[in-house]
Amino acid sequence: MQENPGQADAGRTGAKSASRRALRAGLLLACFGLGLGTVVWGGIAWLRDARLGRPTLVFNYSRMMAKRLPRIAAARQEGRPAVAVLGASGLVSYPEGRRVPDRLQQRLGVPVESLGMPGSGPFEYYFLADEIADAGPAGVVVAVNLDHFSDAWQGAYARPQLAGRIGPARLVEAFALPLHAVGLTADRLLYYVALVQAGGYEPWYWLTLRQAQLGRARDQLEAWLQGGRYEPRNDSGDDTPERRFRQAVRATTIERVFTGPDIRHYRASSVREHYAAILDGLDVDHPVLQVLDATIARLRRDGIPVLVYVEPIEVDYLAQLGLVKGPGLSESLGRIEAVVRGRGATFVDLHALLPPEAFRDAPGHLAYDGALDGPAALADALAPRVRDALADANDD
């Protein structure tokens, strides 16, 4: 049957029209993609160059470790193994050269590498124990703050994202530990570990950083629109450990209520909140005890000597408030000691080492520029015990 010429022309016209529509749609899609890419790339570039700084993130602790652990490994390869010191702000909140690890190095005469950061504690040590052990330190000194055992501490400082650094070989052990104390669920733990194992840690960090910088940019824009002056914050309003801690200190401190150094202290109710678990007597299955035990066990499996010491607290102030009653405190210290010695590590109780004038603020940071140099006094007490622990390990 012969094709009608009019029908053929109509078909060709329809095909050309469809082709033009498809081409137009493709061009629009390409333009949209190009525009979106330009906006995203431009936004990231602006965030990078807008002098918004780097807000404090929960990842900063592991990034600090990533810089310092190679120094420990390098010292070992050079035949001068370094001692690693783990702790929170009580360890490092002093001028350079006057921190506890600095003072300890001066007394020991061997390299001492600080792995301390404000707000860190036993859960962070557990999450990063594989990396610490792999660096091969000559020994590990762990500072335990009695505040570590409080819900207030975990609520202020939890860094559950660092659980992604747990090695897959420890996952079964990790599932058996009470990691829910820092907000970890089984699915989140698996997700974090899988993300890190797949090489996604750095993209995760940078994405979180850009999100935090975007928060700063929002604050800056709001301040500009309101005609005010933008005051950058360390955390852009993010729910970081450091910000939660500062808020807690501001909300719970008052002027000293008895004769002594002119510093601020927690109110009695807040002291109770921070030390209740310790003052009442620790449960044998307390989450922090379990995690501390697992951390020491991991380090000891590699033959690394471990010394755990209890940081000084202002016992006189607790007694003044009438909080040191009964056997609770001694029982708690005994349970910490049992965990430490049970793993073949050294335990040193320094909770009552220093007088009131050695403390400079409510959280218990030590004075360092007066008649009494707290970090130096602490290092004096620790050095011989660290030396003995290292010598015992070499004898074995």
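Salt bridge R98/D373: present, at least one basic N to carboxylate O contact under 4.0 Å. Between D130 and R165 there is no salt bridge, since no side-chain nitrogen of the basic residue lies less than 4.0 Å from a carboxylate oxygen of the acidic one. Contact check on R272 versus D280 returns a salt bridge, with a Lys/Arg side-chain nitrogen under 4.0 Å from an Asp/Glu carboxylate oxygen.
In this structure, CZ in R103 is found 13.5 Å from CG in L108, a value given to the nearest 0.5 Å. Atom CG of residue L318 and atom CG of residue L279 lie 6.0 Å apart, to the nearest 0.5 angstrom. Taken from CG in L329 to CG in L323, the straight-line distance is 11.0 Å, to the nearest 0.5 Å.
Two rings, from F149 and H286, have their centers less than 6.0 Å apart.
In this structure the side chain of L372 reaches within 4.5 angstrom of the side chain of P355, judged on heavy atoms.
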Derivation of the side chain to side chain contact (heavy atoms under 4.5 Å, CB included) call for V193 and Q197: CA-CA 6 Å; V193 172; Q197 291 300 312; 4.0 Å; yes
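A cation-pi arrangement, defined by a distance under 6.0 Å to the six-membered ring centre and an angle within 45 degrees of its axis, is present between R170 and Y126.
A perpendicular orientation is assigned to the rings of Y125 and H148, their planes being inclined by more than 60° (bins at 30° and 60°).
R68 places no side-chain N or O within donor-acceptor distance of the main-chain N or O of L115, the cut-off being under 3.5 Å.
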